Every structure is written in C-alpha cells, then in structure tokens.
Amino acid sequence: MLARILRVPTVRKRLLWTLLAVVLFRLGQNLPLPGVHGEALARAAAAETAAAEDGEGGQRLYGLVELLTGGGLGQLSVFTFGIVPVIAARLVMEVAGPLVPRVRLLAAAGSEGAAVIARWTRRLAVLLAAGLGVWVAAAVAGEGCVPLTGICASGGPGLLHDGADGPIVAVALVATTAAGTAVVLRLGGLITARGVGEGLSVLFLAQLAAVVPGQVASAARTRGTLVLLAVALALLVMTVVAVVVQQSERRIPVQQAKRMVGRSALGPTPTYVPVRGGQDGFVVMIPASLLLLAPAPVGPWLLPAYVLVVFAYGWLRARVEPAAPDLADRLKRSGLFVPGVRTGPPTAQYIAYVQSRIGLTAALATTGVALVPVLALTLSAGPAGRFALSATTLLIVVSAVVRTALPAVRQMESLAVRQAYGPLLR
C-alpha cells in the first residue's frame, strides 16, 4: 500500500515539502543565538552530562525540557523553545474561549472567526516567546546559566562572548527568540498547507526523533542494555494499544423505515452508526505523568494518584462525547431506527448504555497504557534525574506518533484515491 501511495506525484511533492520544512526546523534548533560562545556552552553541557551520569548532579526536569524544546534551550539556538510557545498560546486560547465573550463569539462565527482566533494565537505565541526570551537572556547574561537545564559556566569565560554584553545583546537575544517562534509558526503552516499532516505535530515529532535516541543511549550507557530493551518493548506495546483504542468504534446497526416511492417500496436499508468514546483519554497521560517527578516525601501516593487521574479523565471524557439524545433525535429525523429499540428516549438510553461501556473499556485501556512505561522502567531499574527517561518521555513519544502518523496516513490515502478516481468524478 505504501508503494502505491508513493507513486502518486501529489504525495511525493507534499512529502518533499514536509521534509524541507523539517530540515529547516532542525537547522534552526542547532543554529546558536547571536553572541553565544559555542565552545563554552559545549563544555558546560558536557560537564553537566558527566555529572548527571555519575549521579552527582542534574535536574530531574532537564530531560523533559530537552524533549519539549528539541534541545534548543540547552543549545541556546535560534528556535530556543521549539513549539512550546505555540502550544502554550493554543492552550490559553482554548481556556479563554468559554471565559471571554469576544473569543466565544468568534468561535461561533465559523471559518471567519476561526481565522481571527488563529491570528491572535500566532501573535500570542510570539509574545510568549519574547517573554521567555527575556528570562533566558537575563539568566545567561547575569548568572551564566541556562534556565531549567543545570548548564552553567564554571570559571573561565561565560556563555557569551567577551564583547557580547550590554542591553543591545539582550535585546538581540529576545528579538531572535521571538523571530524564531514566528519562523516555526510559518514552517508549521507550510507543512499543513503544502505538506503531509498537521504542521506543528510533524515538527514536534521531528524534534522527538532527534532527542529521544540520545536519551535512550545515555540511559543504556548508565544502566545497561536492559533499559534499552525495556524501552523498545514498552514503546511497541503502547503504540499498538493506542492505535487500537484510537481506531476502535462500536457500530450500532440501524435501518431505514420502509416507504413507498411511486409503486415501489424502498427499505428497510441496513446501515450502521459508529459510536466512539475515550479516544482523547491519552491527552491527560502526559500532564498526569508529571506527578511522578514530584519530590520523594510524597512518593507512596504518586502512582495511585497517577492511575486515578488517568482513569477518571478517560471515563469522564467518554461521558461528554456527542450526547445520546442528540444522536437519537438525528436518527429519528432521518427516518432511521435501531432494530428492536423504539425511537425517541429508548434509543437515547440504548446509545448512552453503549457509550458508557465503550468509555469504561477505553478508560481501562488508557490506564493500562499509562502503566506500561512505569512498570517497564521499574523492572529494568530505569534511570532518573537528568535523562528523564521516564513515563513522561515514553508517553510523549507514543502520543506524538499516534497523533501525527494516523492523520498523515489518512491524508496520503485520500490523495491516492483522489488521484486514481479523480478523472471519473469530473
């Protein structure tokens, strides 16, 4: 199937655009900010890495920060924060939607309102990047340290060149980080418009592919190859279960009432209504896994709290799927009915019953997926500290793969079908 899809010229063109955007993105994450002393930063990073491997230093959140920024923060690159400001801006706009009347009206205005919200989101992302740039510039210029990484210049020159001081350099650092976020937004839009998949998801997966192998290799050097095998097995199991849950649905059989058209009787025509639930339960696993990075004194309560949060979110998220009464009402207006179930409230009760069973199954499967990396790393005496090769890392990888690969494959299949049957539809 893949070979057939790749033979389509449109798909190959879109893949080339996607590859070009990803290459530019990774170049930006390795291009240093103006005034940064590359050799001094490399020495400080190497010293921090050695201290973390020896168990003498390192911050527990460094690996997570490295994962979310693609290593851009640790390298003080042009794309310092990766897609983090964009994700934060989207979350702010989603939270502001129900609270701010203006945003709520725009969300209900259709495509024109969505375009305005998207423009506001882009501007907010650049502003957030500028604010984070001020924080980083102040830390680098003042203390000679990169925030959240534990990378500090000890003796000798700082992280900036000797002549790179004063307000002009600070302004240049802030302006470059803000401009870098604007370029990331442009690259993401380019992939969405001309490439394959959703732009920011593809860029996020690209930076994961660049960072995770290094973290796994470091963990293998520190703890042995057993960790490598445990990580590979955990990723395989989690990906398979996540894909099955994402694609699963219960097909409720429905029929159309018999009706007369002239002298001919039409119906009943059998068909089905797909009912899904719990597919978005994986979203909460990443923030919930941050509980596992809490300080040790509350350690005994972390795993139960983690499991409870994941299961409760998956169960409650399934309960707020499209309401059963609305679906039953649409079936009634369309002349459709479930065999053996009366239309109206009985149909709504039956659909709600099916949704509750699907939601419970999906919540249990989500909880199982959330426990796989914890068990795998615990049994293999997995690493902690700087590498943060933890449940959070593995869950982020699986979530990014599922949310990026499945839509991209569907899009390429759609393009292949359009290419094959397009002339017949004209």
Side-chain angles (χ1 to χ4, degrees), residues 20-52 58-59 61-86 125-188 203-204 206-215 218 386-387:
L20 175 62
V22 168
V23 170
L24 293 177
F25 177 67
R26 288 302 302 163
L27 286 176
Q29 287 190 317
N30 288 274
L31 185 65
L33 288 169
V36 173
H37 196 299
E39 295 182 358
L41 180 62
R43 286 195 299 268
E48 171 61 20
T49 301
Q59 297 186 12
L61 290 179
Y62 177 84
L64 182 60
V65 172
E66 185 182 29
L67 200 70
L68 295 177
T69 62
L73 182 60
Q75 299 179 26
L76 291 178
S77 64
V78 174
F79 298 162
T80 306
F81 308 108
I83 66 170
V84 170
V86 186
V126 175
L127 290 177
L128 290 175
L132 293 173
V134 172
W135 177 39
V136 171
V140 171
E143 304 172 2
C145 296
V146 182
L148 300 178
T149 64
I151 298 177
C152 294
S154 57
L159 299 181
L160 299 177
H161 288 286
D162 294 336
D165 54 2
I168 296 181
V169 175
V171 171
L173 291 175
V174 175
T176 305
T177 55
T181 299
V183 175
V184 170
L185 284 167
R186 180 57 181 169
L187 292 176
L203 296 180
F204 186 49
Q207 72 180 30
L208 289 182
V211 173
V212 172
Q215 292 189 354
S218 299
R386 177 200 182 275
F387 305 108

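Please read these numbers as outputs of a predicted model, since none were measured by experiment. Residues take their numbers from the sequence shown, with the count starting at 1.
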Considering all heavy atoms of both residues, which atom of L187 and which atom of A21 are nearest to each other, and what is their separation? CD1-O, 4.0 Å
Which atom pair, heavy atoms only, marks the closest approach of Q29 to Q207? NE2-OE1, 3.0 Å
Is the backbone N or O of T149 less than 3.5 Å from a side-chain atom of E66, with the two atoms forming a donor-acceptor pair by type? no
Taking side-chain contact (heavy atoms from CB on, under 4.5 Å) as the criterion, tell me which of I151, L41, T177, L160 meets it with L76. L41
Considering all heavy atoms, the nearest L173-P34 contact: CD2-O, 3.3 Å
Any non-hydrogen side-chain atom of V84 less than 4.5 Å from a side-chain atom of T69? yes
Does V86 reach the side chain of F204, with side-chain heavy atoms less than 4.5 Å apart? no
Identify the two heavy atoms, one from A178 and one from A129, that lie closest to each other, and give their separation to 0.1 Å. CA-CB, 4.2 Å
Quick check: do L208 and L67 have side-chain heavy atoms less than 4.5 Å from each other? yes
Of all heavy-atom pairs linking P213 and A210, the shortest is CD-C, 4.2 Å
Any side-chain heavy-atom pair of L24 and V183 under 4.5 Å: no
Looking at L68, L73, V65, which one forms a side-chain contact (heavy atoms from CB on, under 4.5 Å) with F81? L73
Shortest non-hydrogen contact between C152 and A44, atoms and distance: O-CB, 3.4 Å
Below 4.5 Å, heavy atoms only, C-beta onward: do L203 and F79 meet side chain to side chain? no
